[in-house]
Q: 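Below you will find the structure I want to go over with you.
In what follows, chains are A, B, ... by sequence order, proteins preceding strands, each numbered from 1. Computed from a predicted structure; not experimentally measured.
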Number of protein chains: 2
Amino acid sequence: METRELRFFVAVAQELHFGRAAQRLGMAQPPLSRAISLLERRLGTRLFDRDSHRVALTDAGAVLLAEGRAALEAVEAAERRTRRAGSAEPGRAGVVLAVKAGAASELLAKLLHAYAAEPGAVPVEVFLCGPGEQERILRDGRADVALLHRPFDNVAGFDTEDLMTEGQIAILPAGHPLTTRTQLSMADVTGLAALPMPRWPDRDGSYAPGPGPEVRDHTQLIQLITLGRTMMVAPETSRTQLPPDVVAVPVPDAHPVTTVIAWPPHSRSPAVAALVRTATRL
Amino acid sequence: METRELRFFVAVAQELHFGRAAQRLGMAQPPLSRAISLLERRLGTRLFDRDSHRVALTDAGAVLLAEGRAALEAVEAAERRTRRAGSAEPGRAGVVLAVKAGAASELLAKLLHAYAAEPGAVPVEVFLCGPGEQERILRDGRADVALLHRPFDNVAGFDTEDLMTEGQIAILPAGHPLTTRTQLSMADVTGLAALPMPRWPDRDGSYAPGPGPEVRDHTQLIQLITLGRTMMVAPETSRTQLPPDVVAVPVPDAHPVTTVIAWPPHSRSPAVAALVRTATRL
DNA sequence: ACGGTGCGATACCGTGCGGGTATCGCCGTG
DNA sequence: CACGGCGATACCCGCACGGTATCGCACCGT
């Protein structure tokens with residue numbers, strides 16, 4: 001199976017419409033139809049149930065959609081990582097480390113400092129990204145290694161080492177009634193009609209419906225908290241980056257957050273290995 | 001990047017010889033040379049350092065070899081799983097479970113029995129394979145889920161759930177001096193010149209050099225033990241399948257063996273999920 | 001009931017790319 | 001120094017892939 005065919009298939013499977021899929025692929029509809037039915041013939045299986053007015057995935061099609069997406073990502077990751085490895089002087093190829101902007105900054109600083117002192121250390125480019133984006137960045141090859149946060153980030157398919165575990169705190173606007181408490185429970189902070197939790201964008205950039213404000217990054221969120229529009233529950237160490245006009249209150253029963261260092265399991269990079277070794281020794 | 005190009009590249013990277021690689025690919029050498037240099041141009045990077053008498057991987061080439069192999073495996077897995085999903089009647093697609101022949105037989109029986117009793121259970125095909133082969137079978141899509149044994153099998157890249165942990169026993173020919181002992185240490189059993197550990201085939205079917213006999217499956221191995229030619233260290237539960245003319249002695253300091261159920265992290269199969277759920281509840 | 005419309009399938013055509021053969025250029029070797 | 005082995009280059013050919021035109025079908029509205 002060629003990646004071209006897989007891309008065709010995935011486009012049709014997403015659109016469930018040959019015409020629109022063809023448009024998205026920048027081609028005409030007939031060759032797309034032909035390519036799909038040729039693929040079906042080669043696989044010995046229908047991938048779509050289609051009459052002239054509806055297109056639906058078969059069971060086999062659903063399998064190919066899940067598996068094929070993963071495969072396409074692997075191919076693209078291979079391409080990106082090769083490009084990156086090639087655009088560096090030989091023997092000194094850097095690594096890209098993906099971290100959530102504003103998270104684990106102290107740990108990150110210690111890690112970078114300790115790693116730089118290692119013999120044979122290589123330049124580390126830090127790729128700052130939005131919440132939950134590290135996973136995608138690491139999967140698609142834009143990064144070689146990442147700091148993720150369980151249980152928020154999905155670490156499936158990566159090798160990981162735990163680095164630290166911490167409790168969470170609620171971050172509230174100054175003067176809010178709850179700020180007088182010395183600690184809160186999750187029941188206290190979820191479902192506050194006056195202070196709904198913010199909504200982060202999905203992978204495709206869209207927002208799920210809900211009462212909270214739509215946010216895109218941390219500064220935006222902090223600003224909305226100071227304005228008394230929302231609140232958040234975050235790991236304890238984020239306390240160090242808060243402005244003076246918000247208040248942090250521990251939430252002992254919130255799920256503890258574990259910061260892990262993650263890398264693709266087939267990584268053969270000595271630099272990634274050294275970075276991981278350094279991280280686990282902190 | 002197309003999988004065709006990747007296959008070309010991997011062939012050359014393995015052979016480090018354009019002529020032989022072309023032969024293996026069933027094509028002539030010139031188009032292969034052209035394809036590789038076109039790929040290099042598209043990636044903006046040399047993949048091989050080559051003069052007229054030597055071909056060697058560049059750093060970028062090494063990256064592409066590791067990443068590209070994983071990507072090709074993902075594509076082939078997608079293809080196999082789709083074929084399998086398509087060759088079953090709709091809604092009743094079976095699952096393939098890979099297990100090492102002769103291992104965890106009691107656990108396996110309990111699992112199959114318990115799963116069959118679940119509502120919505122689906123036929124489970126058991127794929128019996130040689131030691132360490134499960135990983136490959138699961139990675140390349142011939143199986144959907146597998147029972148693996150840490151620390152022997154490499155579970156990197158899979159999601160896993162631990163099922164059981166057990167100690168190991170040494171399996172010796174009856175009458176051997178060590179069989180009088182009530183327990184042994186690893187130091188006792190490794191490096192016995194008279195009873196060298198057997199050698200299992202590599203993934204490519206070849207054997208590493210060493211003193212032990214070359215074995216291919218369990219019955220062969222057991223027979224060699226009864227003949228007094230070798231011995232083995234195996235999980236405790238394998239005791240139930242031993243013939244009467246061998247002796248098992250506990251080895252408390254051997255690394256404990258954990259049987260895990262493993263599946264590809266992107267699996268969307270409800271049947272696999274149900275099987276895993278059943279397994280963890282045993 | 002019937003023409004309209006939207007969509008996938010089919011028919012047919014041109015071209016560019018992938019593969020083949022012949023040959024060159026380079027270098028290590030007896 | 002002639003030879004042989006190997007990768008690169010030159011050139012040619014066939015076909016597979018993509019485009020346009022059109023068909024067939026099913027669901028509409030009137």
Q: With respect to the side chain of B:Arg34, which nucleotide from D:dC17, C:dG18, C:dG8 is positioned closest?
A: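 Within the option list, the nearest is C:dG18.
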Q: Quickly work out the A:Leu25 CG to D:dG19 P distance and round it to whole Å.
A: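 Rounded to whole Å, this separation is 10 Å.
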Q: Does B:Arg84 pair with B:Glu79 as a salt bridge, N-O distance under 4.0 Å?
A: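 No salt bridge links B:Arg84 with B:Glu79.
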Q: Measure from the side chain of A:Pro30, starting at C-beta and using heavy atoms only, and say which of D:dG7, C:dG8, D:dT20 lies closest.
A: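 Selected nucleotide (nearest to the side chain): D:dT20.
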Q: I need the CD-C1' distance between A:Gln29 and D:dC17, as an integer number of Å.
A: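 Nearest whole value for this atom pair: 15 Å.
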Q: With no angle test and no hydrogens, is the base of C:dC27 tied to the side chain of B:His53 by a donor-acceptor pair under 3.5 Å?
A: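 Such a pair exists between side chain and base.
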Q: Taking the side chain of A:His17 as its heavy atoms from C-beta onward, which of D:dC6, C:dC7, D:dA8 lies nearest to it?
A: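 Given the options D:dC6, C:dC7, D:dA8, the side chain of A:His17 is closest to C:dC7.
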Q: Specify the residue among B:Phe18 and A:Ala35 whose closest nucleotide of DNA chain D lies further upstream toward the 5′ end.
A: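 Nearest-nucleotide comparison on DNA chain D picks B:Phe18.
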Q: By nearest atom, which of the nucleotides C:dG18, C:dG20, D:dG18 is closest to the B:Met27 side chain?
A: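 Selected nucleotide (nearest to the side chain): C:dG20.
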Q: Between B:Gln134 and B:Arg139, do the side chains contain a donor N or O and an acceptor N or O under 3.5 Å apart?
A: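 No, B:Gln134 and B:Arg139 have no side-chain donor paired with an acceptor closer than 3.5 Å.
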Q: Looking at B:Arg4, I'd like to know whether one of its side-chain N or O atoms comes within less than 4.0 Å of OP1 or OP2 on C:dG19.
A: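 True: B:Arg4 side-chain N/O within range (under 4.0 Å) of C:dG19 OP1/OP2.
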Q: How many whole angstroms separate atom CG of B:Leu6 from atom C1' of C:dG18?
A: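 So the CG-C1' distance, B:Leu6 to C:dG18, works out to 17 Å.
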Q: Check the distance between C:dT10's C1' and A:Leu38's CG and give it to me in whole angstrom.
A: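 So the two atoms are 15 Å apart, to the nearest Å.
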Q: What is the distance, to the nearest angstrom, from the CD atom on A:Gln23 to the C1' atom on D:dG18?
A: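 Computing the A:Gln23:CD to D:dG18:C1' distance gives 17 Å.
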Q: Hey, does the side chain of B:Ser33 come within less than 4.0 Å of D:dG7's phosphate (OP1/OP2), counting only N and O?
A: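 False: B:Ser33 side-chain N/O out of range (4.0 Å or more) of D:dG7 OP1/OP2.
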Q: Send over the distance from A:Arg46 CZ to C:dA9 P, rounded to a whole Å.
A: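 Atom CZ in A:Arg46 sits about 8 Å away from atom P in C:dA9.
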Q: When you measure from the side chain of B:Ala28, which nucleotide among D:dA8, C:dG20, C:dG18 comes out closest?
A: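 Closest nucleotide among those given: C:dG20.
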Q: Regarding A:Glu2 and B:Thr3, is there a side-chain donor-to-acceptor distance under 3.5 Å anywhere?
A: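 Per modelled atom types, A:Glu2 and B:Thr3 side chains form a pair under 3.5 Å.
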Q: Over all strands shown, is B:Phe8 touching base, sugar-phosphate only, or nothing at heavy-atom distances under 4.0 angstrom?
A: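 Touches sugar-phosphate only.
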Q: Output the single nucleotide from D:dG18, D:dG7, C:dT21 whose closest atom is nearest the side chain of A:Pro31.
A: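 Selected nucleotide: D:dG18.
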Q: Between C1' on C:dC7 and CD1 on A:Ile36, what's the gap in Å once rounded to a whole number?
A: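 Those two atoms, CD1 and C1', are 15 Å apart.
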Q: Side chains of A:Ser87 and A:Arg83: is there a donor and an acceptor less than 3.5 Å apart?
A: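 Looking only at side-chain atoms, A:Arg83 and A:Ser87 do not form any donor-acceptor pair under 3.5 Å.
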Q: Which of these, B:Arg69, B:Arg80, B:Arg81, sits in a salt bridge (Lys or Arg N to Asp or Glu O under 4.0 Å) with B:Asp140?
A: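 Exactly one pass, corresponding to B:Arg80.
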Q: Rounded off to whole Å, could you give me the CG-to-C1' distance for the B:Leu32 and C:dC17 pair?
A: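 Between C1' of C:dC17 and CG of B:Leu32: 16 Å.
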Q: More 5' along DNA chain C: B:Gly26 or A:Ser37, using each one's nearest nucleotide?
A: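 Taking each residue's closest nucleotide, the earlier one in sequence belongs to A:Ser37.
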